Trainee: 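Here's a structure for you.
Lettering of chains follows the sequences in order, A, B, ..., and the numbering in each one begins at 1. Fair warning: this is a prediction, and the values are worked out from it, not measured in the lab.
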There are 2 protein chains.
Amino acid sequence: MIDRTAEAPPARRMRPDVQRSLDALLTAAAEVFASDGVDAPVRRITAKAGVGAGTLYRHFPQRSDLITAVFRHEVDACAEAAPALADQYEPVEALTRWLRHLARFVAAKRGLKSALHSGDPAYQSLPAYFMERFVPALTQLLDAAAAAGDIRSDVIPYDLLRAISGIVEPDDDAYTQRMIALLVDGLRYGTHPALPK
Amino acid sequence: MIDRTAEAPPARRMRPDVQRSLDALLTAAAEVFASDGVDAPVRRITAKAGVGAGTLYRHFPQRSDLITAVFRHEVDACAEAAPALADQYEPVEALTRWLRHLARFVAAKRGLKSALHSGDPAYQSLPAYFMERFVPALTQLLDAAAAAGDIRSDVIPYDLLRAISGIVEPDDDAYTQRMIALLVDGLRYGTHPALPK
DNA sequence: TTGCAATACGGAACAGTGTTCCATATTGTG
DNA sequence: CACAATATGGAACACTGTTCCGTATTGCAA
(Lines give C-alpha, C1' and ligand atoms only; values in the text may rest on other atoms or scores of the structure.)
Protein backbone atom coordinates (compact mmCIF):
# COMPACT_ATOMS: atom_id res chain seq x y z
CA MET A 1 0.00 0.00 0.00
CA ILE A 2 0.93 3.61 -0.19
CA ASP A 3 1.80 5.89 2.65
CA ARG A 4 -0.21 9.07 2.15
CA THR A 5 1.49 10.88 4.96
CA ALA A 6 5.08 10.48 3.83
CA GLU A 7 4.87 13.33 1.37
CA ALA A 8 5.27 16.22 3.81
CA PRO A 9 7.13 15.20 6.94
CA PRO A 10 7.96 18.78 8.00
CA ALA A 11 4.44 20.21 7.45
CA ARG A 12 2.52 20.38 10.69
CA ARG A 13 -0.88 19.47 9.38
CA MET A 14 -2.14 19.01 5.90
CA ARG A 15 -5.08 20.78 4.45
CA PRO A 16 -7.80 18.19 3.89
CA ASP A 17 -8.19 19.02 0.20
CA VAL A 18 -4.46 18.50 -0.29
CA GLN A 19 -4.71 15.22 1.53
CA ARG A 20 -7.52 14.11 -0.74
CA SER A 21 -5.73 15.16 -3.92
CA LEU A 22 -2.53 13.41 -2.91
CA ASP A 23 -4.47 10.35 -1.91
CA ALA A 24 -6.40 10.13 -5.16
CA LEU A 25 -3.28 10.87 -7.20
CA LEU A 26 -1.15 8.20 -5.59
CA THR A 27 -3.87 5.58 -5.76
CA ALA A 28 -4.62 6.34 -9.39
CA ALA A 29 -0.94 6.46 -10.33
CA ALA A 30 -0.33 3.09 -8.70
CA GLU A 31 -3.11 1.52 -10.76
CA VAL A 32 -2.09 3.19 -13.99
CA PHE A 33 1.59 2.37 -13.53
CA ALA A 34 0.68 -1.24 -12.86
CA SER A 35 -1.42 -1.59 -15.98
CA ASP A 36 0.25 0.78 -18.45
CA GLY A 37 3.77 1.23 -17.11
CA VAL A 38 5.46 4.31 -15.72
CA ASP A 39 5.36 6.07 -19.10
CA ALA A 40 1.59 6.20 -19.09
CA PRO A 41 0.11 9.54 -20.18
CA VAL A 42 -0.33 12.06 -17.41
CA ARG A 43 -3.94 12.62 -18.39
CA ARG A 44 -4.86 9.04 -17.69
CA ILE A 45 -3.66 9.45 -14.13
CA THR A 46 -5.35 12.78 -13.54
CA ALA A 47 -8.56 11.49 -15.10
CA LYS A 48 -8.61 8.40 -12.91
CA ALA A 49 -7.85 10.53 -9.88
CA GLY A 50 -10.54 13.06 -10.81
CA VAL A 51 -7.96 15.80 -10.51
CA GLY A 52 -6.64 18.55 -12.75
CA ALA A 53 -3.24 18.52 -14.40
CA GLY A 54 -2.18 21.51 -12.38
CA THR A 55 -2.75 19.62 -9.16
CA LEU A 56 -0.50 16.82 -10.25
CA TYR A 57 2.32 19.18 -11.22
CA ARG A 58 1.94 21.12 -8.02
CA HIS A 59 2.61 18.04 -5.94
CA PHE A 60 5.01 16.26 -8.25
CA PRO A 61 6.98 18.78 -10.32
CA GLN A 62 9.23 15.96 -11.50
CA ARG A 63 7.64 12.92 -12.98
CA SER A 64 10.11 10.81 -11.04
CA ASP A 65 8.76 12.23 -7.79
CA LEU A 66 5.44 10.56 -8.46
CA ILE A 67 7.07 7.28 -9.41
CA THR A 68 9.27 7.39 -6.34
CA ALA A 69 6.33 8.10 -4.08
CA VAL A 70 4.32 5.24 -5.56
CA PHE A 71 7.08 2.66 -5.40
CA ARG A 72 8.75 3.81 -2.22
CA HIS A 73 7.45 0.99 -0.06
CA GLU A 74 8.19 -1.69 -2.59
CA VAL A 75 11.72 -0.42 -3.06
CA ASP A 76 12.17 -0.44 0.69
CA ALA A 77 10.80 -3.95 0.92
CA CYS A 78 13.18 -5.14 -1.77
CA ALA A 79 16.15 -3.57 0.00
CA GLU A 80 15.10 -5.11 3.28
CA ALA A 81 15.02 -8.55 1.73
CA ALA A 82 18.82 -8.48 1.58
CA PRO A 83 19.55 -8.99 5.28
CA ALA A 84 16.86 -11.65 5.45
CA LEU A 85 18.47 -13.63 2.65
CA ALA A 86 21.89 -13.15 4.21
CA ASP A 87 20.67 -14.87 7.34
CA GLN A 88 19.08 -17.72 5.51
CA TYR A 89 21.61 -18.70 2.86
CA GLU A 90 25.33 -18.94 2.37
CA PRO A 91 26.85 -15.72 1.04
CA VAL A 92 26.95 -16.35 -2.72
CA GLU A 93 23.55 -17.99 -2.71
CA ALA A 94 22.08 -15.05 -0.81
CA LEU A 95 23.71 -12.64 -3.25
CA THR A 96 22.37 -14.48 -6.27
CA ARG A 97 18.91 -14.73 -4.84
CA TRP A 98 18.77 -11.06 -3.98
CA LEU A 99 19.95 -10.03 -7.44
CA ARG A 100 17.18 -12.15 -8.90
CA HIS A 101 14.77 -10.51 -6.51
CA LEU A 102 15.92 -7.10 -7.64
CA ALA A 103 15.66 -8.07 -11.29
CA ARG A 104 12.09 -9.24 -10.87
CA PHE A 105 11.22 -6.04 -9.09
CA VAL A 106 12.53 -3.90 -11.95
CA ALA A 107 10.95 -6.19 -14.53
CA ALA A 108 7.55 -6.03 -12.84
CA LYS A 109 7.37 -2.25 -13.17
CA ARG A 110 6.91 -1.77 -16.89
CA GLY A 111 9.01 1.05 -18.23
CA LEU A 112 10.98 1.43 -15.04
CA LYS A 113 14.12 0.07 -16.64
CA SER A 114 14.17 2.71 -19.38
CA ALA A 115 13.22 5.39 -16.88
CA LEU A 116 16.20 4.43 -14.76
CA HIS A 117 18.60 4.70 -17.70
CA SER A 118 17.03 7.42 -19.82
CA GLY A 119 19.01 10.36 -18.48
CA ASP A 120 15.85 12.38 -19.07
CA PRO A 121 15.73 15.26 -16.56
CA ALA A 122 12.15 14.25 -15.82
CA TYR A 123 13.56 11.16 -14.10
CA GLN A 124 16.48 12.77 -12.29
CA SER A 125 15.69 11.86 -8.72
CA LEU A 126 14.61 8.32 -9.54
CA PRO A 127 18.02 6.60 -9.80
CA ALA A 128 19.12 8.54 -6.74
CA TYR A 129 16.46 6.99 -4.55
CA PHE A 130 16.99 3.52 -5.92
CA MET A 131 20.71 3.68 -5.33
CA GLU A 132 20.26 5.17 -1.90
CA ARG A 133 18.32 2.11 -0.87
CA PHE A 134 19.99 -0.61 -2.90
CA VAL A 135 23.67 0.23 -2.59
CA PRO A 136 23.79 -0.48 1.17
CA ALA A 137 21.75 -3.65 0.71
CA LEU A 138 24.03 -4.97 -1.99
CA THR A 139 27.20 -3.87 -0.24
CA GLN A 140 26.30 -6.00 2.74
CA LEU A 141 25.84 -9.08 0.56
CA LEU A 142 29.02 -8.49 -1.41
CA ASP A 143 31.09 -7.95 1.71
CA ALA A 144 29.83 -11.14 3.27
CA ALA A 145 30.62 -13.19 0.18
CA ALA A 146 34.03 -11.56 -0.18
CA ALA A 147 34.81 -12.21 3.48
CA ALA A 148 34.06 -15.87 2.90
CA GLY A 149 36.51 -15.83 0.00
CA ASP A 150 33.80 -16.84 -2.46
CA ILE A 151 33.97 -13.75 -4.65
CA ARG A 152 36.48 -11.04 -5.32
CA SER A 153 36.31 -7.81 -3.42
CA ASP A 154 37.08 -5.36 -6.21
CA VAL A 155 33.58 -4.93 -7.53
CA ILE A 156 31.70 -1.70 -7.02
CA PRO A 157 28.11 -2.27 -5.81
CA TYR A 158 26.89 0.70 -7.81
CA ASP A 159 28.31 -0.87 -10.98
CA LEU A 160 26.55 -4.11 -10.34
CA LEU A 161 23.22 -2.41 -9.71
CA ARG A 162 23.47 -0.50 -12.95
CA ALA A 163 24.40 -3.65 -14.79
CA ILE A 164 21.52 -5.66 -13.39
CA SER A 165 18.95 -3.01 -14.14
CA GLY A 166 20.41 -2.66 -17.61
CA ILE A 167 20.26 -6.36 -18.32
CA VAL A 168 16.74 -6.98 -17.06
CA GLU A 169 14.42 -8.06 -19.84
CA PRO A 170 10.87 -7.93 -18.52
CA ASP A 171 9.53 -10.45 -21.01
CA ASP A 172 12.26 -13.04 -20.64
CA ASP A 173 12.92 -14.02 -17.07
CA ALA A 174 14.95 -17.07 -18.05
CA TYR A 175 17.38 -14.91 -20.00
CA THR A 176 17.65 -12.43 -17.15
CA GLN A 177 18.47 -15.21 -14.74
CA ARG A 178 21.10 -16.69 -17.04
CA MET A 179 22.83 -13.34 -17.25
CA ILE A 180 22.71 -12.79 -13.52
CA ALA A 181 24.30 -16.19 -13.07
CA LEU A 182 26.98 -15.21 -15.56
CA LEU A 183 27.73 -12.01 -13.67
CA VAL A 184 27.93 -13.87 -10.39
CA ASP A 185 30.32 -16.35 -11.99
CA GLY A 186 32.36 -13.37 -13.06
CA LEU A 187 32.52 -12.31 -9.43
CA ARG A 188 33.76 -15.75 -8.47
CA TYR A 189 36.45 -15.92 -11.12
CA GLY A 190 39.91 -15.72 -9.62
CA THR A 191 38.88 -17.04 -6.21
CA HIS A 192 39.01 -20.70 -5.25
CA PRO A 193 38.40 -23.12 -8.14
CA ALA A 194 34.85 -23.83 -9.18
CA LEU A 195 33.14 -26.89 -7.87
CA PRO A 196 32.32 -29.47 -10.52
CA LYS A 197 29.14 -28.54 -12.32
CA MET B 1 29.31 6.59 -46.25
CA ILE B 2 25.83 5.54 -47.18
CA ASP B 3 24.87 3.29 -49.99
CA ARG B 4 22.04 5.04 -51.82
CA THR B 5 21.36 2.11 -54.07
CA ALA B 6 20.83 -0.55 -51.45
CA GLU B 7 17.22 0.41 -50.86
CA ALA B 8 15.69 -1.27 -53.89
CA PRO B 9 17.75 -4.19 -55.15
CA PRO B 10 14.90 -5.70 -57.21
CA ALA B 11 13.86 -2.44 -58.93
CA ARG B 12 15.34 -2.17 -62.37
CA ARG B 13 15.93 1.52 -62.42
CA MET B 14 14.99 4.23 -60.00
CA ARG B 15 13.10 7.35 -60.89
CA PRO B 16 15.49 10.26 -60.50
CA ASP B 17 13.22 12.12 -58.11
CA VAL B 18 13.04 9.05 -55.89
CA GLN B 19 16.79 8.77 -56.05
CA ARG B 20 17.15 12.38 -54.98
CA SER B 21 14.66 12.09 -52.13
CA LEU B 22 16.30 8.97 -50.79
CA ASP B 23 19.71 10.53 -51.10
CA ALA B 24 18.74 13.70 -49.29
CA LEU B 25 16.86 11.74 -46.62
CA LEU B 26 19.72 9.37 -45.82
CA THR B 27 22.29 12.12 -45.74
CA ALA B 28 20.16 14.33 -43.54
CA ALA B 29 19.24 11.44 -41.24
CA ALA B 30 22.89 10.50 -40.82
CA GLU B 31 23.74 14.02 -39.73
CA VAL B 32 20.75 14.38 -37.44
CA PHE B 33 21.26 10.96 -35.85
CA ALA B 34 24.88 11.84 -35.23
CA SER B 35 24.10 15.13 -33.53
CA ASP B 36 20.73 14.49 -31.87
CA GLY B 37 20.50 10.71 -31.58
CA VAL B 38 18.12 8.30 -33.26
CA ASP B 39 15.13 9.71 -31.39
CA ALA B 40 15.45 13.07 -33.09
CA PRO B 41 12.16 14.57 -34.29
CA VAL B 42 11.13 13.48 -37.77
CA ARG B 43 10.59 17.09 -38.79
CA ARG B 44 14.22 17.94 -38.25
CA ILE B 45 15.25 15.27 -40.70
CA THR B 46 12.71 16.19 -43.33
CA ALA B 47 13.57 19.87 -42.93
CA LYS B 48 17.28 19.26 -43.36
CA ALA B 49 16.55 17.05 -46.35
CA GLY B 50 14.19 19.61 -47.87
CA VAL B 51 11.56 16.94 -48.16
CA GLY B 52 7.98 16.47 -47.00
CA ALA B 53 6.92 14.16 -44.21
CA GLY B 54 4.97 12.02 -46.65
CA THR B 55 8.12 11.32 -48.61
CA LEU B 56 9.92 10.04 -45.57
CA TYR B 57 7.07 7.73 -44.59
CA ARG B 58 6.72 6.48 -48.14
CA HIS B 59 10.30 5.24 -48.15
CA PHE B 60 10.63 4.29 -44.51
CA PRO B 61 7.28 3.19 -43.10
CA GLN B 62 9.02 1.98 -39.97
CA ARG B 63 11.32 4.33 -38.19
CA SER B 64 13.75 1.47 -37.74
CA ASP B 65 14.01 1.12 -41.52
CA LEU B 66 15.61 4.53 -41.71
CA ILE B 67 17.97 3.80 -38.83
CA THR B 68 18.92 0.48 -40.34
CA ALA B 69 19.60 2.06 -43.72
CA VAL B 70 21.76 4.76 -42.20
CA PHE B 71 23.80 2.48 -39.98
CA ARG B 72 23.95 -0.53 -42.29
CA HIS B 73 27.56 -0.03 -43.31
CA GLU B 74 28.77 0.71 -39.83
CA VAL B 75 27.06 -2.37 -38.47
CA ASP B 76 28.64 -4.42 -41.20
CA ALA B 77 32.03 -2.95 -40.45
CA CYS B 78 31.66 -3.77 -36.77
CA ALA B 79 30.69 -7.35 -37.56
CA GLU B 80 33.63 -7.72 -39.93
CA ALA B 81 36.03 -6.61 -37.23
CA ALA B 82 35.47 -9.94 -35.49
CA PRO B 83 37.44 -12.18 -37.87
CA ALA B 84 40.20 -9.58 -38.02
CA LEU B 85 40.57 -9.60 -34.25
CA ALA B 86 40.43 -13.39 -34.20
CA ASP B 87 43.48 -13.49 -36.46
CA GLN B 88 45.41 -10.99 -34.44
CA TYR B 89 44.82 -12.00 -30.82
CA GLU B 90 44.41 -15.09 -28.74
CA PRO B 91 40.77 -16.17 -28.43
CA VAL B 92 39.69 -14.56 -25.16
CA GLU B 93 41.57 -11.38 -25.91
CA ALA B 94 39.94 -11.19 -29.34
CA LEU B 95 36.54 -11.80 -27.77
CA THR B 96 37.03 -9.10 -25.16
CA ARG B 97 38.27 -6.60 -27.68
CA TRP B 98 35.38 -7.21 -30.01
CA LEU B 99 32.81 -6.84 -27.23
CA ARG B 100 34.41 -3.52 -26.36
CA HIS B 101 34.25 -2.58 -30.01
CA LEU B 102 30.59 -3.46 -30.11
CA ALA B 103 29.89 -1.53 -26.92
CA ARG B 104 31.55 1.58 -28.29
CA PHE B 105 29.54 1.26 -31.47
CA VAL B 106 26.25 1.13 -29.57
CA ALA B 107 27.35 3.92 -27.23
CA ALA B 108 28.35 6.18 -30.11
CA LYS B 109 24.83 6.11 -31.59
CA ARG B 110 22.86 8.10 -29.07
CA GLY B 111 19.52 6.56 -28.32
CA LEU B 112 20.32 3.36 -30.14
CA LYS B 113 20.49 1.40 -26.92
CA SER B 114 16.95 2.29 -25.89
CA ALA B 115 15.71 1.79 -29.43
CA LEU B 116 17.14 -1.72 -29.38
CA HIS B 117 15.37 -2.57 -26.14
CA SER B 118 12.20 -0.50 -26.33
CA GLY B 119 9.94 -3.16 -27.78
CA ASP B 120 8.24 -0.27 -29.57
CA PRO B 121 6.73 -1.57 -32.84
CA ALA B 122 8.38 1.40 -34.57
CA TYR B 123 11.72 -0.32 -33.96
CA GLN B 124 10.73 -3.89 -34.81
CA SER B 125 13.16 -4.63 -37.59
CA LEU B 126 16.10 -2.96 -35.90
CA PRO B 127 17.16 -5.71 -33.48
CA ALA B 128 16.61 -8.22 -36.24
CA TYR B 129 19.24 -6.67 -38.46
CA PHE B 130 21.68 -6.19 -35.63
CA MET B 131 21.39 -9.81 -34.55
CA GLU B 132 21.58 -11.05 -38.10
CA ARG B 133 25.00 -9.48 -38.42
CA PHE B 134 26.35 -9.79 -34.91
CA VAL B 135 25.31 -13.30 -33.91
CA PRO B 136 27.56 -14.99 -36.50
CA ALA B 137 30.43 -12.66 -35.65
CA LEU B 138 30.19 -13.37 -31.95
CA THR B 139 29.59 -17.08 -32.45
CA GLN B 140 32.89 -17.38 -34.24
CA LEU B 141 34.76 -15.71 -31.40
CA LEU B 142 33.02 -17.74 -28.72
CA ASP B 143 33.64 -21.01 -30.51
CA ALA B 144 37.32 -20.26 -30.89
CA ALA B 145 37.71 -19.40 -27.21
CA ALA B 146 35.71 -22.46 -26.16
CA ALA B 147 37.79 -24.70 -28.43
CA ALA B 148 40.91 -23.41 -26.70
CA GLY B 149 39.33 -24.33 -23.37
CA ASP B 150 39.48 -20.74 -22.17
CA ILE B 151 35.75 -20.24 -21.71
CA ARG B 152 32.75 -22.47 -21.28
CA SER B 153 30.71 -23.48 -24.27
CA ASP B 154 27.22 -23.15 -22.81
CA VAL B 155 26.67 -19.48 -23.47
CA ILE B 156 24.21 -18.33 -26.10
CA PRO B 157 25.65 -15.62 -28.37
CA TYR B 158 22.28 -13.95 -28.62
CA ASP B 159 22.14 -13.67 -24.82
CA LEU B 160 25.51 -12.06 -24.65
CA LEU B 161 24.63 -9.53 -27.35
CA ARG B 162 21.50 -8.54 -25.52
CA ALA B 163 23.43 -8.25 -22.29
CA ILE B 164 26.16 -6.07 -23.76
CA SER B 165 23.75 -3.71 -25.45
CA GLY B 166 21.77 -3.54 -22.22
CA ILE B 167 24.79 -2.74 -20.12
CA VAL B 168 26.29 -0.09 -22.36
CA GLU B 169 26.33 3.31 -20.71
CA PRO B 170 27.18 5.91 -23.36
CA ASP B 171 28.52 8.43 -20.87
CA ASP B 172 30.68 6.08 -18.84
CA ASP B 173 33.03 4.04 -20.93
CA ALA B 174 35.10 2.95 -17.95
CA TYR B 175 32.05 1.40 -16.30
CA THR B 176 31.03 -0.31 -19.52
CA GLN B 177 34.48 -1.83 -19.84
CA ARG B 178 34.49 -3.02 -16.25
CA MET B 179 31.21 -4.82 -16.79
CA ILE B 180 32.35 -6.39 -20.03
CA ALA B 181 35.40 -7.67 -18.20
CA LEU B 182 33.12 -9.08 -15.51
CA LEU B 183 30.99 -10.88 -18.08
CA VAL B 184 34.06 -12.33 -19.76
CA ASP B 185 35.31 -13.52 -16.38
CA GLY B 186 31.94 -15.17 -15.95
CA LEU B 187 32.54 -17.01 -19.22
CA ARG B 188 35.90 -18.21 -17.92
CA TYR B 189 34.59 -19.44 -14.58
CA GLY B 190 34.64 -23.20 -14.38
CA THR B 191 37.42 -23.66 -16.92
CA HIS B 192 41.08 -23.83 -16.00
CA PRO B 193 42.07 -21.81 -12.93
CA ALA B 194 42.67 -18.13 -13.35
CA LEU B 195 46.18 -16.87 -13.72
CA PRO B 196 47.39 -14.77 -10.81
CA LYS B 197 46.23 -11.20 -11.12
C1' DT C 1 -19.58 33.63 13.39
C1' DT C 2 -17.77 36.18 9.92
C1' DG C 3 -14.36 38.22 6.71
C1' DC C 4 -10.28 37.80 4.39
C1' DA C 5 -5.72 36.41 2.95
C1' DA C 6 -3.43 32.38 1.59
C1' DT C 7 -3.53 28.35 -0.72
C1' DA C 8 -5.06 24.70 -3.96
C1' DC C 9 -8.04 23.56 -7.47
C1' DG C 10 -9.55 22.32 -12.37
C1' DG C 11 -9.05 22.53 -16.95
C1' DA C 12 -8.26 25.48 -20.98
C1' DA C 13 -4.42 26.79 -23.73
C1' DC C 14 0.16 26.13 -25.69
C1' DA C 15 3.99 23.93 -27.79
C1' DG C 16 5.78 19.92 -29.17
C1' DT C 17 5.46 15.14 -31.15
C1' DG C 18 4.41 11.10 -34.86
C1' DT C 19 1.40 9.92 -38.66
C1' DT C 20 -2.05 10.18 -42.39
C1' DC C 21 -3.98 12.03 -46.39
C1' DC C 22 -4.64 14.08 -50.79
C1' DA C 23 -4.32 17.85 -54.34
C1' DT C 24 -0.46 18.92 -57.04
C1' DA C 25 3.69 18.03 -59.59
C1' DT C 26 6.84 14.93 -61.76
C1' DT C 27 8.06 11.21 -64.63
C1' DG C 28 8.18 7.27 -67.97
C1' DT C 29 5.81 5.36 -71.85
C1' DG C 30 2.82 4.30 -75.84
C1' DC D 1 3.27 14.61 -77.26
C1' DA D 2 -0.53 13.13 -74.27
C1' DC D 3 -1.73 10.52 -70.51
C1' DA D 4 -1.56 7.13 -66.74
C1' DA D 5 1.26 6.00 -62.98
C1' DT D 6 3.86 7.43 -59.34
C1' DA D 7 6.04 10.60 -55.96
C1' DT D 8 5.94 14.89 -53.59
C1' DG D 9 5.07 18.37 -50.02
C1' DG D 10 2.84 20.07 -46.35
C1' DA D 11 -1.61 20.83 -44.18
C1' DA D 12 -4.38 18.42 -40.88
C1' DC D 13 -5.12 15.26 -37.10
C1' DA D 14 -4.49 13.02 -32.77
C1' DC D 15 -1.86 12.68 -28.99
C1' DT D 16 1.73 14.02 -25.92
C1' DG D 17 3.80 17.07 -21.54
C1' DT D 18 3.56 21.52 -19.33
C1' DT D 19 2.10 26.14 -17.99
C1' DC D 20 -1.08 29.44 -16.52
C1' DC D 21 -4.80 31.67 -14.31
C1' DG D 22 -9.67 32.59 -12.83
C1' DT D 23 -12.26 30.24 -9.42
C1' DA D 24 -13.09 27.57 -5.24
C1' DT D 25 -11.59 26.02 -0.83
C1' DT D 26 -9.57 26.49 3.56
C1' DG D 27 -7.68 28.20 8.02
C1' DC D 28 -7.22 31.97 10.96
C1' DA D 29 -8.13 36.34 13.25
C1' DA D 30 -11.34 39.49 14.79
Side-chain angles (χ1 to χ4, degrees), chain A residues 4 7-8 10-29 32-33 36-67 110-111 114-115 118-126, chain B residues 4 7-8 10-29 32-33 36-67 110-111 114-115 118-126:
Chain A
R4 273 92 193 189
E7 274 315 300
R12 261 289 156 250
R13 224 175 19 189
M14 201 173 263
R15 265 177 61 162
D17 54 343
V18 175
Q19 186 69 257
R20 252 185 306 111
S21 294
L22 232 40
D23 192 55
L25 232 20
L26 287 169
T27 305
V32 171
F33 287 167
D36 300 9
V38 297
D39 289 324
V42 171
R43 277 167 177 73
R44 202 187 304 266
I45 297 172
T46 56
K48 179 161 282 194
V51 142
T55 304
L56 188 154
Y57 280 94
R58 162 179 300 272
H59 293 297
F60 306 100
Q62 298 261 42
R63 192 188 176 83
S64 58
D65 296 336
L66 179 56
I67 302 176
R110 295 280 156 156
S114 358
S118 66
D120 187 323
Y123 294 108
Q124 264 178 347
S125 72
L126 196 50
Chain B
R4 273 92 192 190
E7 275 315 300
R12 259 289 156 249
R13 225 177 17 190
M14 201 171 261
R15 265 177 62 161
D17 54 342
V18 174
Q19 186 69 257
R20 250 183 309 112
S21 295
L22 232 41
D23 191 55
L25 233 19
L26 287 169
T27 304
V32 172
F33 286 166
D36 299 11
V38 298
D39 289 324
V42 171
R43 277 167 176 73
R44 202 187 304 267
I45 298 173
T46 56
K48 179 160 282 194
V51 143
T55 304
L56 187 154
Y57 280 93
R58 161 179 298 274
H59 293 298
F60 305 101
Q62 299 261 43
R63 192 188 176 81
S64 58
D65 296 336
L66 179 57
I67 302 175
R110 295 281 157 154
S114 359
S118 66
D120 187 323
Y123 293 109
Q124 264 178 346
S125 73
L126 196 50

Trainee: Would you mind classifying the nucleic acid contact of B:Ala49 as base, sugar-phosphate or nothing, using non-hydrogen atoms under 4.0 angstrom?
Mentor: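 Touches nothing.
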
Trainee: Using the side-chain heavy atoms of A:Val18, tell me which of these nucleotides is nearest: D:dT19, C:dA8, D:dG17.
Mentor: C:dA8

Trainee: Whether B:Thr55 contacts D:dA7 is assessed here as follows: a side-chain N or O lying under 4.0 Å from the phosphate OP1 or OP2. Is that the case?
Mentor: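 Negative; the distance criterion is not met.
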
Trainee: B:Pro41 side chain: which of C:dT17, C:dA8, C:dT19 is closest?
Mentor: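 Side chain of B:Pro41 sits closest to C:dT17.
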
Trainee: Are A:Thr46 and C:dG11 close enough that a side-chain N or O sits under 4.0 Å from OP1 or OP2?
Mentor: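 No.
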
Trainee: Roughly how many Å is it from CD in A:Gln19 to C1' in C:dT7, rounded to a whole number?
Mentor: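 Rounded to the whole Å, the gap is 16 Å.
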
Trainee: What is the distance, to the nearest angstrom, from the CG atom on A:Asp36 to the C1' atom on D:dG17?
Mentor: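 Whole-Å distance recorded here is 17 Å.
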
Trainee: Rounded to whole angstrom units, what separation is found between the CD atom of B:Gln62 and the P atom of C:dT20?
Mentor: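 It works out to 10 Å between those atoms.
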
Trainee: How close do A:Ser64 and A:Ser125 get, heavy atom to heavy atom, and via which atoms?
Mentor: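 So the two residues come closest at OG-OG, 2.9 Å.
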
Trainee: Can you measure from CZ (B:Phe60) to CG (B:Leu22) and round to the nearest 0.5 angstrom?
Mentor: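 One gets 5.0 Å once the value is rounded to the nearest 0.5 Å.
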
Trainee: Heavy-atom nearest nucleotide on DNA chain D for A:Ala53 versus B:Gly52: which residue maps closer to 5'?
Mentor: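 In this pair, the answer is B:Gly52.
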
Trainee: Roughly how many Å is it from OH in A:Tyr123 to C1' in D:dG17, rounded to a whole number?
Mentor: 11 Å

Trainee: Look at the side-chain N and O atoms of B:His59 and state whether any lies under 4.0 Å from the OP1 or OP2 oxygen of D:dA7.
Mentor: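 It does not, given that no N or O in the side chain of B:His59 lies less than 4.0 Å from OP1 or OP2 of D:dA7.
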
Trainee: What integer distance in Å separates A:Leu66:CG from D:dT18:P?
Mentor: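 Atom-to-atom, A:Leu66 to D:dT18, this comes out as 12 Å.
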
Trainee: For the side chain of B:Val51, starting at C-beta, report the closest nucleotide among C:dC9, D:dA7, D:dG9.
Mentor: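 Between C:dC9, D:dA7, D:dG9, the one nearest the side chain of B:Val51 would be D:dG9.
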
Trainee: Send over the distance from B:Leu22 CG to C:dT26 C1', rounded to a whole Å.
Mentor: 16 Å

Trainee: Tell me: CZ of B:Arg43 to P of C:dT19, nearest whole Å?
Mentor: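 So the two atoms are 11 Å apart, to the nearest Å.
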
Trainee: Could you tell me whether B:Arg20 contacts a base, only the sugar-phosphate backbone, or nothing, with contacts defined as non-hydrogen atoms closer than 4.0 Å?
Mentor: sugar-phosphate

Trainee: Remember a base hit wins even if backbone is also touched, and classify A:Ala47 as base, sugar-phosphate or nothing at under 4.0 Å, heavy atoms.
Mentor: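 Counting heavy atoms under 4.0 Å across all strands, no contact is made by A:Ala47.
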
Trainee: Taking the side chain of A:Arg63 as heavy atoms from C-beta outward, which of D:dG17, D:dA11, C:dT17 is closest to it?
Mentor: D:dG17

Trainee: Figure out the OH/P separation between B:Tyr57 and C:dT19, and round it to whole Å.
Mentor: 4 Å

Trainee: Is the shortest side-chain N to carboxylate O distance from B:Arg110 to B:Asp36 below 4.0 Å?
Mentor: no

Trainee: Is any side-chain heavy atom of A:Leu66 closer than 4.5 Å to a side-chain heavy atom of A:His59?
Mentor: no

Trainee: Would B:Ser114 and A:Ser114 count as a side-chain hydrogen bond (donor to acceptor under 3.5 Å, both in side chains) here? Give the steps.
Mentor: CA-CA 7 Å; B:Ser114 359; A:Ser114 358; over 6 Å; no

